[in-house]
Amino acid sequence: MAQETANSIKRVGVIGGGQLAWMMGPAAQKLGLNLVVQTPQQSDPAVAIAHSTVLAPVADVAATAALAAQCDVITFENEFIDREGLQSLIDRGTIFRPGLDVLTLVLDKRHQREFFAQAGLPNPRYSWLEGDEPDAELAAKAETIGFPLVMKTRRLGYDGQGTTVVKEPSDLSLTWDRFNRVPVLLEELVAFKQELAIMVARSAQGEIAVYPTVETEQVDQICRRVVAPARVSAGVASRMEGIARTLVEALQLVGIVGIECFLTQSDRILINEIAPRTHNSGHYTLDASQTSQFEQQLRAVSDRPLGPTALTCPQTVMVNLLGLAADEATHHQRLEALKQLPNATLYWYTKGIRPGRKLGHITQRLGPGDDPTAAAAAIEAVWYGP
Ligand code: ADP
């Protein structure tokens with residue numbers, strides 16, 4: 001195991017300067033690490049906590065070369081990088097954690113699915129299109145999945161953007177037209193009873209730390225609330241942990257990954273997608289876990305021993321605060337009201353207010369007899385209105 005004292009990594013580069021990088025700030029300070037952040041705008045949240053900043057888009061390779069010159073290792077809060085462009089930095093010895101092969105994999109949802117299949121991890125039925133197939137081929141591939149199905153852009157999708165349900169064969173061609181016939185993934189529409197997620201970290205020494213499985217609930221395909229631990233059987237929880245361990249071993253991950261899954265009516269677990277970085281479903285760890293996901297990522301990429309992952313309270317709920325169709329004053333009034341809630345911690349990312357944008361989140365620690373569903377509903381009534 002790595003020794004905390006004999007550590008040579010002091011400066012960590014972070015590609016992306018949104019709220020995920022911002023929330024690394026206190027952990028970096030605790031571990032004595034300096035964060036150097038590559039992000040496009042001076043107003044991006046993580047600029048405030050960074051030791052220094054390279055102001056440039058995430059996929060700007062020359063900027064990442066400048067970042068590398070200031071860092072011992074580079075990690076990510078955003079995966080939309082220029083993979084080919086960064087090869088020249090690897091050739092010159094820059095260390096990326098996780099490795100760029102992991103990033104490449106998640107950049108294309110088809111490659112993710114194929115990797116899961118090779119690793120023996122459970123996928124829904126799926127197929128894919130490259131973009132130049134005739135309608136007959138589209139129809140044939142869709143037929144192997146059945147209707148309704150989900151059509152997703154393979155690249156650059158987030159928060160459900162680029163994900164559409166196709167109800168019947170006659171809608172296929174028009175739907176793909178609306179995607180401008182870009183490469184897409186076709187998947188069965190999973191009739192899930194719950195969506196689950198799990199965070200897991202792995203170090204270069206092969207140490208693995210798995211967090212408890214959580215429940216996530218999406219509204220309009222955007223994560224609205226998370227309950228930890230998930231209200232699932234011990235069997236489901238243990239299979240989730242198994243998936244987490246298998247995945248990080250298969251990836252040879254150095255870093256942390258969020259795994260989003262569907263739980264079917266018959267308790268089958270199917271993977272939806274992974275994100276090789278900290279994840280919205282792990283924000284609760286800041287206030288309700290022995291080691292936050294942000295500290296864990298920094299520990300993993302800087303060769304420090306991983307921290308324990310148990311909850312520090314019986315259960316907890318996290319609610320995302322999305323931008324409202326209201327003025328700034330209304331947002332601030334509602335934030336004041338949220339501050340009155342007991343055992344709750346509020347995070348406000350100080351981003352520009354836009355309806356539907358993730359602007360902050362709140363975590364409430366709960367006792368053993370509390371109902372997390374009711375607690376989330378009470379928080380949401382304050383923020384979103386009754
Ligand atoms: P993104 O990559 O943009 O975050 P996802 O693929 O995770 O989008 O989809 C967002 C949400 O859409 C999921 O959390 C889930 O609620 C729903 N969804 C996505 N794929 C499926 C599917 N195959 N079956 C059922 N629901 C799905």
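Computed from a predicted model, the values in this text were never measured in an experiment. First listed ligand is number 1; within each ligand, the first listed atom is number 1.
Checked against a 3.5 angstrom limit, the closest N/O atoms of Val190 and ligand 1 fall inside it.
Of all the atoms in ligand 1, the ones that sit under 4.0 Å from a non-hydrogen atom of Lys109 are 2 (O), 6 (O). Every atom of ligand 1 is numbered from 1 in the order shown, and the set under 4.0 Å from a heavy atom of Glu260 is 7 (O). In the vicinity of Glu188, heavy-atom distances shorter than 4.0 Å reach the ligand 1 atoms 22 (C), 23 (N), 24 (N). For ligand 1, the atoms closer than 4.0 angstrom to any heavy atom of Glu195 are 13 (C), 14 (O), 15 (C), 16 (O). Heavy-atom proximity to Leu189, at under 4.0 Å, picks out these atoms of ligand 1: 24 (N), 25 (C). In the vicinity of Glu187, heavy-atom distances shorter than 4.0 Å reach the ligand 1 atoms 20 (N), 22 (C), 23 (N).
With respect to Glu207 and Arg202, no salt bridge is recorded, no charged nitrogen being found less than 4.0 Å from a carboxylate O.
Nearest heavy-atom pair across Glu77 and Ala21 is OE1-N, 2.9 Å. In plain terms, the two heavy atoms of Val232 and Gln194 that are nearest each other are CG1-OE1, 3.3 Å.
With a 4.0 Å heavy-atom cut-off, ligand 1 is reached by the side chain of Asn272 but not by its N, CA, C or O.
Aromatic ring orientation, Phe192 versus Phe262: parallel (interplanar angle below 30°, classes split at 30° and 60°). Note on ring orientation: taking the six-membered ring where Trp is involved, the planes of Tyr347 and Trp22 are perpendicular (angle over 60°, cut-offs 30° and 60°).
In this structure, Arg304 CZ and Leu298 CG are separated by 9.0 Å, a value rounded to the nearest 0.5 Å.
Trp383 has its ring centre less than 6.0 Å from the ring centre of His331.
When Lys152, Glu273, Met151 are ranked by how near their heavy atoms come to atom 20 (N) of ligand 1, first place goes to Lys152.
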